[in-house]
Amino acid sequence: MASSTFCPVLLPLRRINCNLNKICTLVSLNRTAAYSTGLPINNGAERQDRGRSGQRRQKKIMETRTEKMAVDQDWTAVYPTAASFKPGSVPLPVRMGYPVNRGVPPAKKGNLELIKIPNFLHLTPLAIRKHCEALKPFCTEWPAALDSDAKCEEHFPIQMQNKDYVFAGPSLRNPDARIVRLTVKLSSLNLDEHARKKMIKLSGERYNKDTDTLTITTDSCPLKQQNYDYAMYLLTVLYHESWKTEAWEKEKTRADMEEYVWEDSPSQKNVLETLLRMHPLGEKQQQQEEEEVREELLGRKEVQEYKDSITKLKNEGETESNMQKYKEAVKKLLSI
Amino acid sequence: MATSMRTASIRLLSKTIRNFSSKAAAERFVCKRSLQPALTRTICVAPAAFLHTGHVSRTQTPSITVTDEPDTLFQKLTVLVKGHDRAVLDSYEFFATMAARELGLTLGKVFEPPKNIERLTLLKSVHIFKKHRVQYEMRTHFRCIEISRITGSTARVYLEYIQRNLPEGVAMVVTKTAVVKVPEHIQMPMWGEQSQEEKTSP
């Protein structure tokens with residue numbers, strides 16, 4: 001039976017023909033076939049030749065491309081783009097697969113595993129270099145003055161972060177791609193004390209005290225550009241609103257204060273009372289007004305130290321150094 | 001400080017790749033035909049003009065337009081690739097890092113976050129046989145490439161190149177952190193005069 005079948009599609013027909021004629025003739029099929037496979041049509045002359053001598057058949061064994069390849073060929077011409085693995089085009093003795101019956105992994109010819117796995121034969125180092133050479137004219141250089149993150153922050157304080165997704169699926173769109181995150185350090189904005197405190201209060205959870213950063217995450221609009229504009233709008237509104245002083249802000253109580261303030265605090269009153277009791281007023285001082293006495297007492301160095309230590313304790317929390325300072329200040333104040 | 005943006009027609013980029021692929025396709029198709037020389041008498045023989053010699057002859061020189069529009073600046077560009085096969089991600093990492101080095105980009109960290117395994121336990125049979133189950137697992141491997149301080153045009157070029165050569169079965173997440181100047185309307189408060197007055201009055 002002729003083994004050089006080029007069209008496997010016609011195989012079932014061949015079997016039928018065999019059953020009918022009881023002669024296995026391949027060529028008659030090829031002649032009468034209505035398929036245009038582009039494959040060679042055997043002529044009658046060749047069929048007779050094959051019948052006579054089997055030696056001629058061996059000469060027609062196809063040479064694979066690998067045998068005709070030169071060692072110094074241009075590989076980028078063989079695999080210019082991503083293509084499946086072709087055993088006849090890759091001159092490597094690659095083996096892949098499970099070694100059945102404790103044998104060896106199967107060879108590359110007819111190996112489905114090698115075809116299934118994505119290959120990088122089109123991305124050899126030489127090919128990458130060629131591609132990058134072609135791409136270089138489209139690139140721009142990074143400004144040399146901004147070589148560290150600190151300098152970037154100094155000149156460009158606002159950071160906008162967004163994510164892009166590349167994947168295959170029923171739809172190529174990922175709704176998370178519309179999310180935009182704006183990060184800015186409040187120290188880089190033009191704010192005074194009141195504006196800064198108000199801004200922190202307005203931002204609420206979005207402000208991080210440790211790093212002094214305000215983070216605005218927007219995802220309410222369907223498009224990325226819209227979310228970007230919305231984030232900038234929010235920042236603008238926050239900024240301008242924080243500079244405004246409303247009428248009701250005058251009613252700010254001690255409970256609303258962000259940090260501890262020593263003036264007009266119970267601690268201050270206690271200190272004054274204690275000092276007055278310790279050193280009862282002399283005649284001259286009694287004639288002076290109360291306010292002046294107070295001012296004088298508060299102006300003392302020990303009192304200032306005590307004030308500093310108390311403020312630190314309340315604002316920063318209880319640490320070793322803070323407690324030590326408090327102890328020293330109290331000792332000096334009470335002249336122990 | 002404003003760098004001008006190169007509106008690279010990515011169409012040109014795709015054109016060169018299309019040229020590559022079309023030529024390769026033609027060559028492959030032609031080669032297939034030319035494999036059976038002696039037997040083909042009726043089908044046309046591959047003409048020498050179609051045989052690929054390895055040179056890319058450009059029909060036209062690509063025009064690069066440089067505009068004065070300031071280019072976006074990215075402080076960090078993070079490319080995270082996800083796949084089921086670790087070997088594929090290894091090769092892809094080699095490709096992406098080499099491409100970055102050839103284009104002159106500053107590579108930050110290149111690391112491998114720990115893999116994620118999702119396991120399912122399902123019934124083996126269609127009906128009854130509750131005691132006999134079958135277990136499946138899906139492993140997702142990751143690879144992260146960080147690039148710092150890259151301009152918008154370069155980022156677009158690099159990302160397009162990387163994404164066009166993304167293998168099948170691999171997904172990518174690109175996190176871009178752009179740095180922007182403080183816009184003009186945030187530099188000074190709108191009611192600047194009012195606040196000044198309040199400051200002077202006790």
Side-chain angles (χ1 to χ4, degrees), chain A residues 6 38-43 46 60 62 65 74 76-77 80-83 117-118 120 123 125 128-129 131-132 134-143 145-147 149 152-153 155-168 188-190 192 195 232 235-236 239-240 243-245, chain B residues 1 3 5-6 8 13 16-17 20-21 23-24 31 33 35-36 38-40 42-43 52 54 64 71 73 75 85 88 91 95 98-99 102-103 149-151 153-154 157 161 163 165-169 171-183 185-191 195 198:
Chain A
F6 298 109
L39 289 168
I41 299 165
N42 289 323
N43 288 337
E46 287 185 358
K60 284 155 202 160
M62 286 182 282
R65 191 176 165 179
D74 182 18
T76 53
T81 46
I117 196 80
F120 284 77
L123 293 172
I128 300 172
R129 236 170 265 140
H131 296 157
C132 289
L135 292 174
K136 274 217 172 108
F138 297 99
C139 301
T140 48
E141 267 191 30
W142 178 264
L146 301 168
D147 48 350
D149 280 340
C152 281
E153 287 239 9
H155 296 284
F156 299 89
I158 300 180
Q159 288 165 340
M160 312 288 292
Q161 193 198 69
N162 72 279
K163 290 192 182 180
D164 287 323
Y165 299 85
V166 180
F167 63 102
S188 52
L189 295 174
N190 179 20
D192 71 346
M232 287 307 245
L235 183 68
T236 316
Y239 179 78
H240 290 297
W243 272 96
K244 259 202 245 174
T245 313
Chain B
M1 189 97 57
T3 47
M5 180 160 81
R6 289 176 178 219
L13 182 66
T16 44
I17 292 177
F20 264 125
S21 55
K23 279 210 170 139
C31 269
R33 290 176 155 203
L35 273 173
Q36 302 104 37
L39 304 171
T40 55
T42 47
I43 296 177
H52 196 68
I64 302 165
D71 210 350
L73 298 171
Q75 194 179 35
D85 201 332
V88 171
S91 307
F95 156 66
M98 185 163 180
E102 290 292 317
L103 287 173
R149 296 190 281 276
I150 181 173
T151 53
S153 311
T154 318
V157 167
Y161 181 49
Q163 285 164 9
N165 289 308
L166 199 68
E168 33 290 321
M172 186 198 278
V173 179
V174 179
T175 312
K176 298 185 219 170
T177 312
V179 283
V180 174
K181 273 197 196 288
V182 178
H185 42 268
I186 305 184
Q187 304 225 337
M188 286 299 297
M190 243 163 55
W191 13 77
S195 64
E198 282 173 36

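Numbered from 1 within each chain, the chains take letters A, B, ... in sequence-line order.
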Original post:
Can you tell me how far the CZ atom of B:Arg149 sits from the CG atom of A:Leu146, to the nearest 0.5 Å?
Top reply: 9.0 Å
Original post:
Which atom names give the shortest non-hydrogen contact between B:Ser153 and A:Phe138, and what distance separates them?
Top reply: CB-O, 4.0 Å
Subject >> Sequence-distant partners of B:Asp85, side chain to side chain donor-acceptor pair (under 3.5 Å), two or more places apart >> reply: none
**OP:** For chain A, find which of B:Thr177, B:Val88, B:Val179, B:Ile186 contributes the most heavy-atom pairs closer than 4.5 angstrom.
**Re:** B:Ile186
**OP:** Could you tell me whether the side chain of A:Tyr239 and the main chain of B:Gln187 form a donor-acceptor pair under 3.5 Å?
**Re:** yes
Subject >> chain B contact via A:Tyr165 - side chain, backbone, both or neither, heavy atoms under 4.5 Å >> reply: both
**OP:** Look at the aromatic rings of B:Phe95 and A:Phe120 and report parallel, tilted or perpendicular, splitting at 30° and 60°.
**Re:** tilted
**OP:** Just give me the residue among B:Glu168, B:Glu102, B:His185, B:Gln163 that pairs up with chain A most often, heavy atom to heavy atom, under 4.5 Å.
**Re:** B:Glu102
Subject >> Interchain contact, A:Leu123 with chain B, by part (heavy-atom threshold 4.5 Å) >> reply: side chain
Subject >> Stepwise side chain to side chain contact (heavy atoms under 4.5 Å, CB included) test for B:Gln75 and A:Asp149 >> reply: CA-CA 8 Å; B:Gln75 194 179 35; A:Asp149 280 340; 3.3 Å; yes
Original post:
At their closest point, which heavy atom of A:Ile128 faces which heavy atom of B:Tyr161, and how far apart are they?
Top reply: CA-OH, 3.7 Å
Original post:
Between A:Asn162, A:Asn190, A:Leu235, which has the largest tally of heavy atom pairs under 4.5 Å with chain B?
Top reply: A:Asn162
Original post:
Do side-chain atoms of B:Thr151 reach the backbone of A:Trp142 as a donor and acceptor pair under 3.5 angstrom?
Top reply: no
**OP:** State, to 0.1 Å, how close B:Thr154 and A:Thr140 come at their nearest heavy-atom pair, and which atoms those are.
**Re:** OG1-O, 2.7 Å
**OP:** Considering only heavy atoms and a distance below 4.5 Å, find which of B:Ala171, B:Gly169, B:Ala178 pairs most often with chain A.
**Re:** B:Ala178
**OP:** Let me see the working for A:Phe156 and B:Val180 under side chain to side chain contact (heavy atoms under 4.5 Å, CB included), right down to the final yes or no.
**Re:** CA-CA 5 Å; A:Phe156 299 89; B:Val180 174; 5.7 Å; no
Subject >> B:Leu103, part contacting chain A, at a heavy-atom distance under 4.5 Å >> reply: both
**OP:** Taking all heavy atoms of B:Val182 and all of A:Ile158, pick out the closest pair and write down the distance.
**Re:** CA-CD1, 4.0 Å
Subject >> Minimum heavy-atom distance A:Met232-B:Pro183, with the two atoms named >> reply: CE-CG, 3.7 Å
